[in-house]
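First comes the structure, then the notes that go with it.
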Amino acid sequence: MSNWLTKKKIILSSILIVFIALIGYTTYLYLNFKSTMEAIHNPIQQEETKNAIASNNAPILEEPQKQDSTTPSPITLLLLGIDQLEDTPGRADTILFLTINPETESMKMLSIPRDTYTEIAGLDFSDKINHSYAFGGMQMAHATVENLLQIPIDYVVTINMEGFKELVDLLDGVEVENEWAFSNWGYDFPEGTITLTGEEALSFVRMRKQDPLGDFGRQIRQRLVVESLLDELSSLNLVWQVPSILDMLREHSETNITFDEIKQFAKYYKPALNNIEQLHFEEGDGRIENGIWYYFPSEKELESIREQLKNSLTIEK
């Protein structure tokens with residue numbers, strides 16, 4: 001009987017130690033996550049954004065919808081992949097606009113060509129849309145994309161290319177379905193399902209000269225990688241990788257999303273990741289103006305895309 005009681009005490013003590021350790025690690029993750037979100041938080045000044053848009057004679061946009069804990073609203077999200085050289089502000093090499101509707105559990109994803117010729121919000125000239133980040137950081141990029149799409153952007157997330165590579169490696173790679181075989185930067189990408197390291201993923205999304213679709217093919221590959229990343233990030237198997245991911249975010253990312261808001265995302269918006277529809281520009285005109293190559297969107301197609309995006313944000317009354 002004594003041996004049995006001793007074994008029981010040992011088992012109970014072991015369970016208690018594991019339980020305390022789990023509570024301690026969970027608390028550590030919570031506090032680390034909260035402090036990371038505070039460190040990378042960069043609020044968007046909506047009034048400044050509206051004034052910047054108005055200065056370009058564009059309609060002033062309505063205030064973005066706010067969600068609360070009982071009635072989550074559809075949201076819009078701008079993802080910017082920043083190509084940043086040392087001691088430079090960088091340019092938005094990847095520009096993805098997302099609408100997320102928790103009621104329909106669906107998402108629309110639009111890839112905006114980085115060479116799109118458009119008004120730079122707050123300035124008195126037009127240029128490539130990716131230059132907006134170089135001119136005024138996240139704030140001006142946010143205002144410029146709003147101005148182009150005429151849809152309020154609730155949230156912005158930026159990550160530079162070094163952070164992108166680190167994130168992919170921290171997730172043990174991303175899996176994509178490659179439509180045709182090619183080589184770039186010394187890497188071979190066969191047709192079919194492939195798993196990419198961080199450096200390979202960067203090479204995969206940035207190649208465009210060999211692509212018969214040019215920059216549009218590049219946009220397709222960007223969306224494939226982003227979808228795979230979102231799927232990996234929503235996985236419950238990341239708990240031990242979270243500290244490393246948070247360290248990466250502190251060094252390479254910024255956002256206007258708050259800690260409290262991101263908790264709502266996990267609760268209400270995750271199901272939309274299973275229903276993503278991709279939109280893209282096809283009917284524009286790429287040409288050289290004053291020695292520089294620009295992409296000029298078709299106004300008719302641009303208006304159609306605006307309507308599709310707006311409709312994806314509607315909810316049943």
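Both backbone and side-chain heavy atoms feed into the values below; hydrogens, waters and symmetry mates do not.
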Quick one: are [X] and [Y] in side-chain contact, heavy atoms under 4.5 Å?
{"X": "Gln308", "Y": "Leu279", "result": "yes"}
{"X": "Val157", "Y": "Ile159", "result": "no"}
{"X": "Phe189", "Y": "Glu200", "result": "yes"}
{"X": "Phe33", "Y": "Ile262", "result": "yes"}
{"X": "Phe281", "Y": "Thr116", "result": "no"}
{"X": "Leu229", "Y": "Leu167", "result": "yes"}
{"X": "Asp172", "Y": "Gln241", "result": "yes"}
{"X": "His252", "Y": "Thr158", "result": "no"}

Straight-line distance of [X] [atom1] to [Y] [atom2], nearest 0.5 Å:
{"X": "Ile151", "Y": "Asp154", "atom1": "CD1", "atom2": "CG", "result": "11.0 Å"}
{"X": "Ile153", "Y": "His142", "atom1": "CD1", "atom2": "NE2", "result": "5.0 Å"}
{"X": "Thr76", "Y": "Leu98", "atom1": "OG1", "atom2": "CG", "result": "9.5 Å"}
{"X": "Leu246", "Y": "Asn32", "atom1": "CG", "atom2": "CG", "result": "5.0 Å"}
{"X": "Ile40", "Y": "Arg250", "atom1": "CD1", "atom2": "CZ", "result": "9.0 Å"}
{"X": "Arg223", "Y": "Leu79", "atom1": "CZ", "atom2": "CG", "result": "13.0 Å"}

I'd like to know whether the aromatic ring centres of Tyr187 and Phe204 sit less than 6.0 Å apart in this structure.
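Here the rings of Phe204 and Tyr187 have centres that are no less than 6.0 Å from each other.
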May I have the list of side-chain donor-acceptor pairs in residues 128-138 shorter than 3.5 Å, sequence neighbours left out?
from: Lys128; atom 1: NZ; to: Asp115; atom 2: OD1; distance (Å): 3.3
from: Lys128; atom 1: NZ; to: Trp293; atom 2: O; distance (Å): 3.2
from: His131; atom 1: ND1; to: Asp127; atom 2: OD1; distance (Å): 3.2
from: His131; atom 1: ND1; to: Asp127; atom 2: OD2; distance (Å): 3.1
from: His131; atom 1: NE2; to: Arg91; atom 2: NH1; distance (Å): 3.4
from: Ser132; atom 1: OG; to: Ile129; atom 2: O; distance (Å): 2.7

Between [X] and [Y]: side-chain donor-acceptor atoms closer than 3.5 Å:
{"X": "Gln278", "Y": "Glu227", "value": "yes"}
{"X": "Gln222", "Y": "Thr94", "value": "yes"}
{"X": "Glu119", "Y": "Asn147", "value": "yes"}
{"X": "Asp188", "Y": "Ser183", "value": "yes"}
{"X": "Ser228", "Y": "Glu175", "value": "no"}

Closest approach of [X] and [Y], non-hydrogen atoms and distance?
{"X": "Thr118", "Y": "Leu148", "value": "OG1-CD1, 3.7 Å"}
{"X": "Leu80", "Y": "Ala141", "value": "CD1-CB, 3.8 Å"}
{"X": "Tyr269", "Y": "Ser73", "value": "OH-O, 2.6 Å"}
{"X": "Pro190", "Y": "Asn178", "value": "O-ND2, 3.0 Å"}
{"X": "Pro102", "Y": "Tyr268", "value": "CB-O, 3.7 Å"}
{"X": "Thr144", "Y": "Ala121", "value": "OG1-N, 3.2 Å"}

Ser312: partners by side chain to side chain donor-acceptor pair (under 3.5 Å), with sequence neighbours left out
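In terms of side chain to side chain donor-acceptor pair (under 3.5 Å), with neighbours along the sequence ignored, Ser312 is linked to Thr99.
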Applying side chain to side chain donor-acceptor pair (under 3.5 Å), can you list everything that pairs with Thr258, at least two apart in sequence or on another chain?
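So Thr258 forms a side chain to side chain donor-acceptor pair (under 3.5 Å) with Glu261.
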Check against side chain to side chain contact (heavy atoms under 4.5 Å, CB included), Glu103 and Glu105:
CA-CA 5 Å; Glu103 184 181 72; Glu105 296 186 353; over 6 Å; no
Residues Arg206, Asp93: salt bridge by 4.0 Å N-O rule:
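A salt bridge links Arg206 with Asp93.
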With ILVMFWY side chains joined below 4.5 Å, transitively, what does Ile17's cluster contain besides itself?
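Members other than Ile17 - counting any ILVMFWY side chain reachable under 4.5 Å - there are none.
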Sole residue of Pro297, Ser304, Ser298 in side chain to side chain contact (heavy atoms under 4.5 Å, CB included) with Glu283
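Output: one option passes, namely Ser298.
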Quick one: which of Val176, Val205, Leu224, Leu202 gives a side chain to side chain contact (heavy atoms under 4.5 Å, CB included) with Leu196?
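Among the candidates, only Val176 passes.
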Looking at residues at least two apart in the chain, or sitting in another chain, which of them share a side chain to side chain contact (heavy atoms under 4.5 Å, CB included) with Pro43?
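Counting only residues at least two positions away or on another chain, Pro43 forms a side chain to side chain contact (heavy atoms under 4.5 Å, CB included) with His41, Gln45.
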Apply side chain to side chain contact (heavy atoms under 4.5 Å, CB included) to the pair Val168 and Phe164, showing each step before the final yes or no.
CA-CA 6 Å; Val168 172; Phe164 170 80; 4.2 Å; yes
Does any pair with a residue in residues 89-119 pass ring pair (Phe, Tyr, Trp, His ring centres under 6.0 Å), and if so which ones, sequence neighbours excluded?
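Sorted result for residues 89-119: Tyr117-Tyr294, Tyr117-Phe296.
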Given side chain to side chain contact (heavy atoms under 4.5 Å, CB included), test Met109 with Val226 step by step and report yes or no.
CA-CA 10 Å; Met109 181 187 298; Val226 168; 4.1 Å; yes
Between Tyr295 and Arg287, does the side chain to side chain contact (heavy atoms under 4.5 Å, CB included) criterion hold? Intermediate values first, please.
CA-CA 7 Å; Tyr295 175 74; Arg287 63 180 186 270; over 6 Å; no
Heavy-atom neighbours of Glu179 CD exceed 12 at 6.0 Å
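Atom CD in Glu179 is not crowded, with 12 or fewer foreign heavy atoms closer than 6.0 Å.
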